[in-house]
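Heads up: the structure comes next, in structure tokens.
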Amino acid sequence: MSNDRRDALRKSERTISLFCLRRLALPCALLWLVSTTPAPAQTITPDRTGPQTRVVIVQNDQATEAFSPREAIVQTMVNRGIIELTGSATLAGAWLSLVTTQDVVGIKVNSVPGPHSGTRPAVVEAVARGLMEAGLPPQNIVVWDKYDTDLRLAGYFALARKLGIRCAGSLRAGYDAEVFYDTPLIGNLVWGDLEFESKAENTGRKSYVSRLLTHDITRIINVTPLLNNNEAGVSGNLVGLALGSVDNTRRFEGDRRRLARAIPEIYALPSLSDRVALNIVDALVCQYEGGERGLLHYSAVLNELRFSRDPVALDVLSIQELEKQRKSAGAMRLKPNLEIYDNAALLELGVNDVSKIKVERLR
């Protein structure tokens, strides 16, 4: 992406019509002007300097015991993965190549399935400790998801008290009336949506971005579990960040085409995608059935953590792994919504061609 184009994106929030992409190709895509928003201090794009995008996988057979992470081993795995991905000589240097000590770093988690099937607190703790060792003040680290209740039940408020960092729900933070995703698709508003009760018809076509992102967090580290999603294929980086950051999302549910268009376009908003510094897949345990429910009897222990600057590459590899584990267990096959990741690649959010993903495995 050219510097001129990126500068233009930073001056305004935009969303891109994939309908135009399909018919007129990317250079002719229709851009909908949405709003203005401050640009983050630093922008790191997915690592696509060559024909391949990099994914680093760190594996340790002793990382879990009875599905529970061993914290000391997980810390070592996170440290090694960050150093290998960035090519830095020290742990502090690795983290400071991704963020600065002045950033407010939001660690995005998937807390809905709970501490065993969602993002595991031990992985988040290892990330937070690494950031603090690199010099970030604890108050500049925020663990977040959409709902406070899910965060509390998954143990993240307790973790925040333990480390002296913050924990926040994007819904409770409220939504920014100036920053939104706009589409002709009308949705029935629910409690918590910005425009709920402000319109007589109680419907809306805009999804507003949380003020947690537009007024607080400057960099995002996305930590997602290796967990199936019946509509998207995986509860991964694209789905988790897109749906966790905006309101009025029910209008996209239950329709694969709507979801395939909305997820990449929401993620592409500069207040989201330009802030993402790193993506980590918590693949200590792979749950291949169950979605937002914790069902460990439909799980396989992998004892892996996966690191990349490319969210799309990680998601397509996760879908591939989920299909492999379902086949091995003799479970029902699911049809992932691969159009999401095709569209994300069209928007230059990452690489969805597995032949162009360079996987580096470390034991």
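Treat the numbers as computed from the prediction; the structure is a model and nothing was measured.
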With a 4.0 Å cut-off on N to O distance, would you call [X] and [Y] a salt bridge?
| X | Y | value |
| --- | --- | --- |
| R258 | E253 | no |
| R257 | E339 | yes |
| E65 | R70 | yes |
| R80 | E84 | no |
| R166 | D216 | yes |
| E323 | R333 | no |

For [X] against [Y], the heavy-atom pair lying closest together:
| X | Y | answer |
| --- | --- | --- |
| L163 | M132 | O-SD, 4.1 Å |
| R251 | S207 | NH2-OG, 2.7 Å |
| A94 | S88 | CA-OG, 3.3 Å |
| A128 | I141 | O-CD1, 3.8 Å |
| C286 | E321 | SG-CG, 4.5 Å |
| E125 | Q75 | O-OE1, 4.3 Å |

Single-linkage hydrophobic cluster [X]~[Y], side-chain heavy atoms < 4.5 angstrom:
| X | Y | answer |
| --- | --- | --- |
| L153 | V124 | no |
| F196 | I186 | no |
| V316 | L302 | yes |
| L238 | F252 | yes |
| L91 | F307 | yes |

Any chance you could measure [X], atom [atom1], to [Y], atom [atom2], to the nearest 0.5 Å?
| X | Y | atom1 | atom2 | answer |
| --- | --- | --- | --- | --- |
| I266 | L272 | CD1 | CG | 8.5 Å |
| L171 | D193 | CG | CG | 8.0 Å |
| D176 | S210 | CG | OG | 9.0 Å |
| N222 | L241 | CG | CG | 5.0 Å |
| L131 | T101 | CG | OG1 | 11.5 Å |
| C167 | L151 | SG | CG | 4.5 Å |

- Message: Between T183 and R205, does the side-chain contact (heavy atoms from CB on, under 4.5 Å) criterion hold? Intermediate values first, please.
- Response: CA-CA 6 Å; T183 176; R205 55 175 282 166; 5.5 Å; no
Are the side chain of [X] and the backbone of [Y] linked by a donor-acceptor contact shorter than 3.5 Å?
| X | Y | result |
| --- | --- | --- |
| D247 | V209 | no |
| K146 | V246 | yes |
| S271 | T214 | no |
| S117 | P113 | no |
| N248 | L189 | no |
| R363 | Q59 | no |
| N337 | R256 | yes |
| T64 | P69 | no |

- Query: Passes side chain to side chain donor-acceptor pair (under 3.5 Å), N237 versus D315? Steps please.
  - Reply: CA-CA 7 Å; N237 300 285; D315 280 356; 3.0 Å; yes
- Count the heavy atoms of every other residue, nucleotide or ligand shown that sit under 6.0 Å from CZ of F157, and state whether that count exceeds 12.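 More than 12 heavy atoms, drawn from other residues, nucleotides or ligands, come within 6.0 Å of this atom.
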Residues [X] and [Y]: side-chain donor-acceptor under 3.5 angstrom:
| X | Y | result |
| --- | --- | --- |
| N140 | D103 | no |
| T100 | R219 | no |
| T203 | N188 | no |
| D353 | S355 | yes |

- Check against side-chain contact (heavy atoms from CB on, under 4.5 Å), Q287 and Q325: CA-CA 9 Å; Q287 182 175 310; Q325 295 301 330; over 6 Å; no
- Message: Determine whether I73 and E71 satisfy the following criterion, side-chain contact (heavy atoms from CB on, under 4.5 Å), listing intermediate values before the conclusion.
- Response: CA-CA 6 Å; I73 294 177; E71 294 180 2; over 6 Å; no
- Task: With side-chain contact (heavy atoms from CB on, under 4.5 Å) as the test, would you mind laying out the steps for L226 and D282 before giving the verdict?
- Result: CA-CA 6 Å; L226 186 44; D282 174 357; over 6 Å; no
- Message: Does any part of the side chain of L259, heavy atoms only, come nearer than 4.5 Å to the side chain of I340, both counted from C-beta?
- Response: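 They are in contact (side-chain heavy atoms under 4.5 Å apart), so the answer is yes.
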- Item | Trace of the salt bridge (Lys or Arg N to Asp or Glu O under 4.0 Å) decision for E360 with R54 | CA-CA 7 Å; E360 302 171 18; R54 292 179 67 219; 2.8 Å; yes
- Query: Can you check whether Y208 and Y175 have ring centres sitting under 6.0 Å from each other?
  - Reply: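 Ring centroids of Y208 and Y175 are no less than 6.0 Å from each other.
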